[in-house]
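Everything on this sheet refers to the single structure shown next.
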Amino acid sequence: MTSTATSKKLYPFLAAAFWLLLWETAARMIGKELILPGPFRVLQAFLALLPTAAYWQSAGATMLRILFGYLLGIVLGILFSILTSVSQLLDALLSPLIRIIRATPVASFIILAMLWMGKERVPTLLSTLMVVPVVWGNLSEGVKALDPDLLEMARAFRFSRMKTFGSIIVPSLRPALRSAALTSIGLAWKSGIAAEVLAQPSKAIGSQLYYAKIYLETPELFAWTLSVIFFSILIEKLVRTFLKRQEGKA
Amino acid sequence: MKIIDLSFAYEGKEVFSHLDLDLEEPVICLKAPSGRGKTTLLKLIGGLLELQGGKIEGAPEKPSFLFQEDRLLPWYDALHNVSLVAEEEKARELLEKLHIDPAARISSLSGGMKRRVALARTLAYEGDLLILDEPFKGMDSELITEAAELILARKKPVLMSSHSPEEALRMGAKIIEF
């Protein structure tokens, strides 16, 4: 029993070793760093990037840009869901937008945004655009699922609007907002990076990815991609911890 | 209070029609088979449903409801639930009289305990008529006696519904069948 438990703990390491070995084997068989650099070459490139100021400036700027877009998206998503929940006219007016934004390819938005605004702002806008429909959609569903019994109770005891909002509506919607916030951080991150690749703001992970590609520095390209993954995990952890702390307060 | 020629249909389905009732006693228990519309009648009297036909003379200005379902807010503790409608001191006192820990999380309470929190909320609210829909659901005989005493101690008119003649007896209520 304990021996299986110990060996089960080893599974993730074995899995990692397997894939790294496969990667290394494939890289050796191809034999061209330009097409597929091996894991050690990528690690080398990554370690070379780490101590440079450019690396941290790019990473920091990208994080700030995307986090700002993400938060803006959450605020706008909440705002839109309030507007469409209180007024049927606004719902009819705004709801088609959500479907259009959802169905439009990210690349179209990026190119359009590049026509409309400075390249520094394009990634922020893209992150926002990805977050708004998720938050809006989740909250609207949550509003539809509000317990009519509780709302009637509030009416019976003559709760003020503010009291009903604060004591029934907000707590009822908290799980929907939480799940929207968690789902959309990944979307915001990936679309933000994609926008950076195309728009190339001065300091950005996405721009670095693009430069690595045009200068045919494939190991750097891999190293930057690795960084994107690391920061993505970091940012998701950040959001998760923040939400957990909020949950504890409630 | 007098119910005169009251008719009500819900989603096209008639609940009752041309109902006349005299509700003059201070403590009244409505008795009727399930589906007869007791809850609907209580909500009409309490102003939670709009009248469709007929009238209610002497309807309460500010009724204090105990719904058939407890309708507590699970994200708050017992005290917070009751304090939403009254001062905290009063809420605490009522909960303690009903043997409920004010700090108890709603999800940790049994069915009968939740019922008592809901009852405490109804009693804490300063209304002019207590409208109690199956008030003793899930309580054992001893608790019913205590709860009934607490309700009667508010010295307010009571309109309740119950399937059990014994519960009506404990409340000293006049049973009205319809």
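Chain letters run A, B, ... following the sequence lines, proteins first and then strands; every chain starts at 1.
- The number of heavy atoms from other shown groups lying within 6.0 Å of CD (Glu24(B)) is above 12.
- Atom NZ of Lys90(B) is surrounded by more than 12 heavy atoms from other residues, nucleotides or ligands within 6.0 Å.
- Using a 4.5 Å cut-off between non-hydrogen atoms, no part of residues 140-161 of chain B approaches chain A.
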Glu152(A)/Phe65(B) under side chain to side chain contact (heavy atoms under 4.5 Å, CB included): CA gap, chis, key distance, verdict
CA-CA 11 Å; Glu152(A) 191 184 46; Phe65(B) 260 97; over 6 Å; no
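- Leu72(B) touches chain A through its backbone: at least one of N, CA, C or O sits under 4.5 Å from a heavy atom, while the side chain does not.
- The shortest side-chain heavy-atom distance between Phe157(A) and Arg121(B) falls under the 4.5 Å cut-off.
- In terms of heavy-atom proximity, Phe67(B) sits nearest to Met153(A) at CE1-CA, 3.7 Å.
- Distance check: Arg71(B) CZ to Asp149(A) CG gives 3.5 Å after rounding to the nearest 0.5 Å.
- Within residues 159-169 of chain A, the residues having any heavy atom less than 4.5 Å from a heavy atom of chain B are, in residue-number order, Phe159(A), Lys163(A), Gly166(A), Ser167(A), Ile168(A).
- The environment of Arg121(A) atom CZ is sparse: at most 12 non-hydrogen atoms of other residues, nucleotides or ligands sit within 6.0 angstrom.
- If you measure heavy-atom distances from Lys62(B) to chain A, the contacts under 4.5 Å come from both the backbone and the side chain.
- With rounding to the nearest 0.5 angstrom, the CZ atom of Arg155(A) is 5.0 Å from the CG atom of Leu48(B).
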